[in-house]
Amino acid sequence: MLHDILIIGAGTAGLSASIYGVRAGHSVTVIEELPFEGGQIFNTGEIDNYPGLPGVTGYEFSERLASQAKALGARVVYEKVVSLSLEGNVKTVQTEQNVHQAKTVIIANGARHRKLGVEGEDLFAGRGVSYCATCDGAFYKGKDVCIVGGGNTALEDALFLSNNCQSVTLIHRRDAFRAHKVTVDAVCARDNIRFLLNSTVQKMNGSNTVESVTVQNVTNGKTKDIPVSGVFIAVGLEPHNGMFQGIVKLDEGGYIVAGEDCKTSCPGVFVAGDTRTKPLRQLVTAAADGAVAAVEASNYISMVFSEEG
Ligand code: NAP
């Protein structure tokens, strides 16, 4: 079967693209490597900045978005992509289970958690080191934990963790935050969150599980050990676009190069959401990208395939 639109990734961008694709009358299949839809937002607590849906949780949002897409006729398959051939009018995407062919492809594979890259991080992964406060925070009820980072994720996670943990130490390499001011203010108002600024984690220590982190002050070079049972790492995201190298243009950071029209350097291949070059990576911009990418894909199909037919 030749799909009209094949979408890689069932996060907000991919599912939004599927909604616009099916509503334009196209056959749409979404390939998702995880066994659930939603992408990053699935593990988010309350979403406070998506217009019109104050207080909705990331889980609810993911469920509603996926249900909406499926009810409209989008098909979601849970398969891992292993290779691609995207040049020419028939695009081929091979997964571990199947070979899919399509007139257009929308890449919406998101971005993944960046690692800190320090001693003990891999050793204690799942045994004190976590990249998802909403997934793992409950394991640290009444305990002392730290969170590393100074962006929205780190500060929102600090708030979330402080509800149940005895103390949360926020370790950030600078003394200014990237997070929204409203979130920084909320963190400052919590009695059990303390700041360790201008500081970097050097290593994580323990026997079976994490018992402390060694932190260095970047201004005076002094190090000290902070006793914690959990280390939450929220130092940003990075794309995983190795499989698209040589097929579409990537920037030096590995993001797929595209403007607001979501067109990649390869005709018939579009990109939506966090995986593309863009100034603002938010839920609302992921949804917007999905819409734009699907409309551009639809225009491409009309142009190329009506000429052929
Ligand atoms: P981010 O905004 O890129 O922030 C990453 C933080 O980690 C920065 O403070 C950075 O420090 C620090 N960092 C990076 N590499 C580091 C390293 N090797 N060692 C120590 N610290 C390091 O990432 P994010 O917070 O995960 O957010 C990702 C995107 O999602 C952003 O666009 C964000 O706005 C968005 N988001 C939005 C919301 C919301 O709107 N409610 C919630 C969550 C995420 P520097 O500041 O010094 O660079």
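Whatever order the structure lists ligands and atoms in, that order sets their numbers, starting from 1.
By the 30° and 60° cut-offs, the orientation of the rings of Tyr59 relative to Phe42 is perpendicular.
Contact between Leu116 and ligand 1 is present, with at least one heavy atom of the residue lying under 4.0 Å from the ligand. Ligand 1 does not have His113 within reach: every non-hydrogen atom of the residue lies 4.0 Å or more from it. Under a 4.0 Å heavy-atom criterion, His180 is in contact with ligand 1.
Here the shortest heavy-atom pairing between Thr29 and Val77 reads CG2-CG2, 4.1 Å. Ser265 approaches Lys249 most closely through the heavy-atom pair OG-N, 2.8 Å. A pairwise comparison of heavy atoms in Thr264 and Phe270 identifies CG2-C, 3.8 Å as the closest pair.
Of the protein's non-hydrogen atoms, Arg281 O, 3.1 Å is the one closest to atom 32 (O) of ligand 1. Atom 48 (O) of ligand 1 has its closest protein heavy atom at Arg178 NH2, 2.7 Å. Of all protein heavy atoms, the one lying nearest to atom 17 (C) of ligand 1 is Arg173 NH1, 3.5 Å. The protein non-hydrogen atom at the shortest distance from atom 37 (C) of ligand 1 is Gln282 NE2, 3.0 Å. Here the heavy atom of the protein found nearest to atom 9 (O) of ligand 1 is Gly150 N, 3.0 Å. Of the protein's non-hydrogen atoms, the one nearest atom 47 (O) of ligand 1 is Arg174 NE, 2.7 Å. The protein non-hydrogen atom at the shortest distance from atom 24 (P) of ligand 1 is Thr153 OG1, 3.3 Å. For atom 41 (N) of ligand 1, the nearest protein heavy atom (residue, atom name, distance) is Glu156 OE2, 2.6 Å.
Between Phe195 and Phe177, the distance from one ring center to the other falls under 6.0 angstrom.
Close N/O approach between Leu237 and ligand 1 is not found [any backbone or side-chain N/O within under 3.5 Å].
One hydrophobic cluster holds both Tyr300 and Ile5 under the rule that ILVMFWY side chains link at heavy-atom gaps under 4.5 Å.
Other residues, nucleotides and ligands contribute at most 12 non-hydrogen atoms within 6.0 Å of the CZ atom of Arg64.
Contacts of Asn152 with ligand 1, taken as heavy-atom pairs under 4.0 Å, involve both backbone and side chain.
Side-chain atoms of Thr200 and Arg173 include no donor-acceptor pair closer than 3.5 Å. Residues Gln216 and Thr214 have side chains that never bring a donor and an acceptor to within less than 3.5 angstrom of each other.
Within the set Thr183, Ile41, Val235, the minimum heavy-atom distance to atom 5 (C) of ligand 1 is found for Val235.
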